[in-house]
> 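A single structure is presented below for examination.
Residue numbers start from 1 in every chain, and the chains themselves are labelled A, B, ... in the order their sequence lines are given, proteins ahead of strands.
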Amino acid sequence: MHLRPGAMLYLCSLTKYGPMKFDVQHLDRKWQAYWKEHKTYRTLNDTSKPKYYVLDMFPYPSGSGLHVGHPLGYIGSDIVARYRRQAGFNVLHPMGFDAFGLPAEQYAIDTGVHPSQSTAVNTARYKEQMERLGLSFDWDRSVNTSDPGYFKWTQWIIGEVFEHWYDRDADKARPVSELIDHLEKHGTEGLHAAETEPRRISAEEFNRLDAKGRSDLLMNYRLAFRSVSYVNWCEALGTVLANDEVKDGRSERGNHPVEQRPMLQWSLRITAYAERLLAGLDTVDYSEGLKAQQINWIGKSTGALVHFDIKGHEGQLDVFTTRPDTIFGTTFMVIAPEHELVDRLTTQAQRGEIDDYLTYVGRRSELDRMSENRVTGAFTGAYAINPLNGAEVPIYIAEYVLKDYGTGAIMAVPSDDDRDKRFAEKFGIEIIDVVDKSDYPGATLKDKVGRLMNSGFLDGMEVPDAIAAATERIEAEGRGQRQINYRIRDLVFSRQRYWGEPWPIEYDDEDVPHRVATVDLPVELPQMEDFRAVNGASPLERATDWIRHDSRRRETDTMPATAGSNWYYLRYMDPTNANEFVSPDAVNYWQDVDLYVGGAEHAVSHILYSRLIHKFLFDIGKVPTREPYKKLLNQGMIGGPISYIHLGILLTDDGQRHPVWVSSNVAEGSGLEVPGIGSGHLVLDESTGRRLTPLRFVTETSVNNESSYRLYHDAVDEAQRLDHQDAAYFRTILQQATAFAWSLDKEGRQYLELSVEQGKMSKRKYNAVNPDDICERYGADCFRMYEMFLGPIDQGKPWSVSGIDGVYRFLRRFWTLFVGEGDRLAVTDAEATREELKILHTLIKKVTEDIEKLSFNTCVSAFMVATNDLTKLRCDKRAVLEPMVRLIAPFAPHLAEELYRALGGTETVHRAGWPTFEERHLVEDNITYPIAFNGKTRLTLEFPAEATRETIEETARADAQVQGYLEGKAIRKVIVVPKRMVNFVVG
RNA sequence: GCCCGGAUGGCGGAAUUGGUAGACGCGCUGGACUUAAAAUCCAGUUCCCAGUACUGGGAGUACGGGUUCGAUUCCCGUUCCGGGUACCA
């Protein structure tokens with residue numbers, strides 16, 4: 001055998017490496033162990049390098065483990081992290097666990113296993129699964145929100161929030177001590193603070209208050225405050241839920257009914273930050289959709305606060321309206337049934353009617369209200385007086401006016417509001433048209449367009465002008481002022497549950513709350529065995545020894561799960577710091593998250609709340625940036641097929657009924673023959689129907705270009721043998737009939753056709769696919785590349801394994817570029833050809849650009865194209881192949897590490913640098929031009945790259961084929977775009 | 001209802017600022033290798049029409065219009081699908 005120059009390398013590598021079999025299991029194990037042992041992904045706060053922070057939303061470690069939907073984002077972020085690391089950045093890429101929360105507590109109630117135990121087990125499982133995927137997390141920086149070393153600082157932050165108030169003049173949070181200072185000197189005079197309700201007090205009055213009185217007043221301003229508020233109470237879960245934990249009047253977790261209940265609760269004053277949360281969105285790179293969701297959630301609307309006098313009463317009725325221009329069309333007023341004036345306004349004559357209505361409203365749940373959407377209400381008997389024209393209008397109560405929005409009262413303008421209109425029609429109230437929309441055909445009542453009429457001084461004005469003029473008049477007459485309203489409500493931050501951070505608050509003998517001193521943090525949970533919340537009381541109420549602390553009484557409410565998760569990205573910067581939540585050095589170096597990846601389900605709440613806490617920490621000088629997350633990527637959800645086996649009745653000719661499993665495509669009445677029973681026809685009735693079939697027993701095939709889901713006979717046998725939860729469930733299902741009306745496939749194997757729907761992957765639907773299983777079969781690299789290859793990462797898609805073989809084949813072909821006959825490395829030092837270098841540099845360019853664009857699926861395609869091309873060229877040049885290894889390392893880290901070492905690399909490929917793209921390798925001598933006639937491409941011609949417009953046109957005109965197409969036609973115009981195309985416009 | 005996405009072969013999906021639509025992969029068809037199968041490799045594969053073949057013609061990116069020499073890409077309108085949200089004054 002003749003040795004080529006490059007063969008020296010192969011001999012060296014061989015002695016060190018031996019045969020190189022393509023054994024993905026071996027590679028996975030070998031390198032995962034190596035990385036762990038050598039702490040390859042350890043990140044130090046090395047300020048000599050530029051930083052890059054790639055963060056995944058940390059998971060709640062549930063009992064069912066990861067399914068193939070979870071890693072989609074983890075793989076994407078891992079690719080970015082690895083790419084940046086190779087490119088010379090100091091990359092922070094941590095992972096931790098959002099470990100406080102309801103499920104562990106619910107599990108504890110059901111099984112008696114303490115949440116800390118089940119959490120530890122689940123956390124270990126998650127970590128194992130993530131390591132199996134070859135994710136490059138620095139586990140030394142891992143955090144766990146239920147770890148006292150962590151939640152000490154969650155409590156500390158909330159304590160800081162408690163000790164601050166929001167100064168609207170400075171537009172930032174300031175210490176409560178400064179507020180007290182102001183109150184002592186000036187009272188509320190000159191104070192512009194975010195507050196629960198408007199308060200007026202003089203300095204003298206304030207100074208006369210006792211401790212409790214002061215504390216109560218300060219609660220009106222604190223950013224973490226306690227108040228009676230209507231909360232989403234869920235009886236079944238025994239707890240209060242946040243707005244985003246409630247869907248359609250039911251709890252998101254468990255789907256239990258939720259009712260409104262007044263309770264004394266801790267809240268965070270997020271409303272103080274509404275404007276900044278809104279403005280900050282302009283400075284971050286989030287998707288438009290996500291920004292829109294946040295904007296909607298904050299719900300800013302500009303309008304006017306208008307005071308209406310009430311006939312025969314002292315006080316006024318305040319309303320908020322975005323349409324002050326339509327005030328002349330006000331023909332009635334509506335206040336919320338819970339409005340504080342209801343009782344006072346109700347006349348003797350109307351008392352009965354109002355009471356009946358209040359009873360009716362009280363009976364109706366949030367769910368009823370939303371689902372029925374009925375027009376209901378009752379007249380109080382009182383009248384309000386229109387401040388601009390003195391008209392007297394009746395005051396109603398109706399449930400369509402919400403106590404929590406605006407002032408809980410509206411001026412109803414039936415001519416320009418759908419709900420007011422329906423109400424007016426039902427109750428026979430006058431409708432005065434005040435906006436002429438005839439110039440705007442197709443405009444609806446919601447559109448703020450038209451010309452005012454029947455409106456006194458506003459007549460003839462266009463709506464926007466009229467709004468300004470009306471507001472001005474209202475202000476001038478002292479009847480109200482311009483006002484901005486937000487839909488967002490303060491964040492209820494109390495839970496009457498066990499498994500969360502205790503509020504770091506203690507009460508003294510006078511019931512005055514005090515922040516627990518930092519030296520006394522963390523406030524740990526007491527050991528308990530019964531975690532049930534009884535009658536809405538926190539389980540901690542029963543820990544009487546724990547509650548008494550020195551001379552004080554501990555707060556028994558705990559915090560919601562979001563408490564730990566809204567600042568965790570900061571803790572990763574300095575995870576073991578025992579003196580501070582994060583050191584100034586660490587946070588000044590790492591700054592903020594450069595790329596944040598996670599599910600869209602957290603798009604509103606989690607992101608909004610962590611932005612809130614971040615802005616607060618910015619105000620108190622603890623973080624240098626205004627926003628926590630620079631760029632956000634929401635990965636799509638991977639759905640799973642939910643398949644069903646169909647149960648039917650075989651009615652035999654002798655009139656006997658036999659339950660039998662049938663293919664989903666067999667119609668009722670069809671003839672059937674089942675061995676051992678006989679023949680007859682299929683009957684479907686209420687005893688039959690379909691049963692959930694665990695996905696692991698289902699085979700997906702393609703028949704006549706249609707995908708088909710089948711249950712094969714051997715899968716049924718397997719289910720009988722297997723010791724697995726899914727198998728156990730399936731066995732009980734299969735007991736409902738013993739006979740199967742099998743069909744035969746091409747190979748003569750027996751199967752049943754199943755029906756299928758797409759749905760969320762979940763344990764309960766038996767359709768969760770475990771990534772471990774896929775890794776065992778194809779290796780982690782293949783799984784990673786396959787998930788990326790499925791399509792754009794931000795799009796949802798159903799899980800399907802069809803296609804994974806293609807990725808596996810690709811990896812093998814890639815490997816074969818390096819490893820030849822007899823599993824030996826076959827790479828030479830021969831000089832690379834121009835063509836080979838062009839392939840390489842095309843790939844470098846494409847992969848680098850696409851990683852930056854987070855377009856990972858096209859990266860995988862590019863690798864495939866390059867591999868195919870180089871295979872065709874039988875390329876074995878180190879100069880081409882070695883950079884390829886470094887390029888693929890972020891995607892297929894195990895395979896890349898192996899090949900890189902085999903090529904002589906002494907250090908990890910993951911710090912081996914990123915190949916540099918050189919434009920000169922892509923320069924072409926000739927460019928192929930499409931030649932089109934009237935825009936239709938007919939042929940192609942080659943021209944030198946530097947050819948001018950004129951030469952191209954002349955040469956093209958002279959071409960024989962072109963002549964053929966031009967025959968008998970006049971050339972009107974020739975368009976030549978250099979390096980692109982030629983178009984003949986002919987007539 | 002409103003807001004945000006989206007719609008491209010049998011399927012997942014590609015396509016720089018408007019410039020050869022369908023890259024790559026799956027599936028399917030045919031072939032090579034094999035005693036056979038698997039694996040692997042090679043070729044073909046948007047649809048329709050014509051042709052013995054090399055091939056030629058037409059249509060085509062949800063639908064209807066428009067701008068342009070030229071539109072998957074830009075504009076207007078419509079339909080359908082996905083996500084979010086809602087008596088928000």
> Where along residues 863-871 of chain A does a heavy atom come under 4.0 Å from RNA chain B, residue by residue in number order?
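Contacting residues: A/M864, A/V865, A/N868.
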> Figure out the NZ/C1' separation between A/K797 and B/rA7, and round it to whole Å.
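Distance, rounded to whole Å: 16 Å.
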> With no hydrogens and no angle check, just 3.5 Å: does a side-chain donor-acceptor pair link A/S301 and A/Y405?
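Indeed, the side chains of A/S301 and A/Y405 share at least one donor-acceptor pair under 3.5 Å.
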> How far does the C1' atom of B/rA38 sit from the matching atom of B/rA32, given to the nearest Å?
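Comparing C1' positions in B/rA38 and B/rA32 gives a spacing of 16 Å.
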> Specify the glycosidic conformation (syn or anti) of B/rG30, with syn defined as within 90° of 0.
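That one's anti.
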> Measure CG/A/D418 against P/B/rA86 and give the value in whole Å, please.
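The answer, rounded to whole Å, is 18 Å.
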> In terms of the angle between their ring planes, are A/F933 and A/F984 parallel, tilted or perpendicular, with boundaries placed at 30° and 60°?
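Plane angle under 30°, so parallel.
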> Using the P atom in both, what is the distance from B/rC24 to B/rC42, to the nearest Å?
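It comes out at 13 Å once rounded to the nearest Å.
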> Rounded to whole angstroms, how far apart are CZ on A/R487 and C1' on B/rU85?
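After rounding, the reported distance stands at 7 Å.
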> Answer whether the closest heavy-atom distance between the side chains of A/I429 and A/Y396 falls below 4.5 Å.
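Yes, at least one pair of side-chain atoms sits under 4.5 Å.
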> When the C1' atoms of B/rC63 and B/rG6 are compared, how many Å lie between them, rounded to an integer?
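To the nearest whole Å, 15 Å.
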> With heavy-atom distances below 4.5 Å as the criterion, would you say the side chains of A/R611 and A/L608 are in contact?
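Answer yes - side chains close enough.
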> Taking A/G329's backbone N and O only, do any of them form a donor-acceptor pair with A/S415's side chain (distance below 3.5 Å, no angle check)?
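Absent.
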> Does A/R419 place a side-chain N or O at less than 4.0 Å from the phosphate oxygens OP1/OP2 of B/rC88?
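Yes, A/R419 has a side-chain N/O under 4.0 Å of OP1/OP2 on B/rC88.
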> Write down the distance between CG (A/L790) and P (B/rG12), rounded to a whole number of angstrom.
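So the CG-P distance, A/L790 to B/rG12, works out to 12 Å.
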> Between B/rC28 and B/rU79, how many Å separate the two C1' atoms, rounded to a whole number?
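Here B/rC28 and B/rU79 have their C1' atoms 32 Å from each other.
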> How about NZ on A/K291, more than 12 heavy atoms from neighbouring residues, nucleotides or ligands closer than 6.0 Å, or not?
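Yes, NZ of A/K291 has more than 12 neighbouring heavy atoms, counting only those of other groups under 6.0 Å.
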> Both A/N296 and A/S861 contact RNA chain B. Which one's nearest nucleotide lies toward the 5' end?
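It is A/N296, whose closest nucleotide lies nearer the 5' terminus.
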> Tell me the interatomic distance from A/Y808, atom OH, to B/rC26, atom C1', rounded to whole angstroms.
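After rounding, the reported distance stands at 18 Å.
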> Considering heavy-atom distances to RNA chain B, does A/E849 or A/G796 have its closest nucleotide positioned more toward the 5' end?
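It is A/G796, whose closest nucleotide lies nearer the 5' terminus.
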> Any chance CD of A/E425 has more than 12 other-residue heavy atoms, nucleotides or ligands included, within less than 6.0 Å?
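Atom CD in A/E425 is packed in, count exceeds 12.
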> Is a side-chain donor-acceptor pair under 3.5 Å present for A/D318 with A/T407?
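The answer is no; no qualifying pair exists.
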> From OH of A/Y400 over to P of B/rA86, roughly how many Å is that when rounded to an integer?
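Roughly 19 Å, once rounded to whole Å.
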> Could you tell me how far apart A/E787 (CD) and B/rC24 (C1') are, to the nearest whole angstrom?
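Roughly 18 Å, once rounded to whole Å.
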> Measuring only the P atom in each nucleotide, how far is B/rG82 from B/rC88? A whole number of Å is fine.
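Nearest-Å result for B/rG82 against B/rC88 at atom P: 25 Å.
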> I'd like to know if A/R980 reaches the base of B/rU17 with its side chain, counting only an N/O donor and acceptor under 3.5 Å.
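Indeed, a donor on one side and an acceptor on the other fall under 3.5 Å apart.
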> Is any side-chain heavy atom of A/K448 closer than 4.5 Å to a side-chain heavy atom of A/T322?
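When only atoms from C-beta onward are counted, A/T322 and A/K448 do touch, with a gap below 4.5 Å.
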> Please state how far atom CH2 in A/W297 lies from atom C1' in B/rC88, giving the value in whole angstrom units.
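In whole Å, B/rC88 C1' and A/W297 CH2 are 13 Å from each other.
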> Closer than 4.0 angstrom, basic N to acidic O: yes or no for A/E953 and A/R957?
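A/R957 and A/E953: salt-bridged.
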> Taking the same atom, P, in B/rG56 and in B/rA21, what whole-Å distance lies between them?
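Approximately 15 Å lies between the P atom of B/rG56 and that of B/rA21.
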> Under 3.5 Å, side chain of A/R487 to main-chain N/O of A/N296, donor-acceptor pair present?
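Here the side-chain-to-backbone pair exists.
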> Describe, in one word, how the ring planes of A/F863 and A/F891 are oriented to each other, choosing from parallel (under 30°), tilted (30 to 60°) and perpendicular (over 60°).
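Because their plane-to-plane angle is over 60°, the rings of A/F863 and A/F891 count as perpendicular.
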> For a stem of at least 3 consecutive Watson-Crick or G-U pairs with distances under 3.5 Å, i pairing with j, i+1 with j-1 and so on, which stems involve RNA chain B?
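Ordered by first number, the stems with RNA chain B (at least 3 consecutive pairs each) read B:1-7 with B:79-85, B:10-12 with B:24-26, B:27-32 with B:40-45, B:46-50 with B:55-59, B:62-66 with B:74-78.
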> Using the C1' atom on both, measure B/rG60 against B/rU46 and round to a whole Å.
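Roughly 8 Å separates the two C1' atoms.
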> Distance check, C1' atoms only: B/rG31 and B/rA14, in whole angstrom units.
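The answer is 29 Å between these two C1' atoms.
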> Does the side chain of A/L873 reach to within under 4.5 Å of the side chain of A/I839, using non-hydrogen atoms?
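Yes. Closest side-chain heavy atoms under 4.5 Å.
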> Among residues 404-417 of chain A, which residues get a heavy atom nearer than 4.0 Å to RNA chain B?
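Hits under 4.0 Å, by residue number: A/Y405, A/I410.
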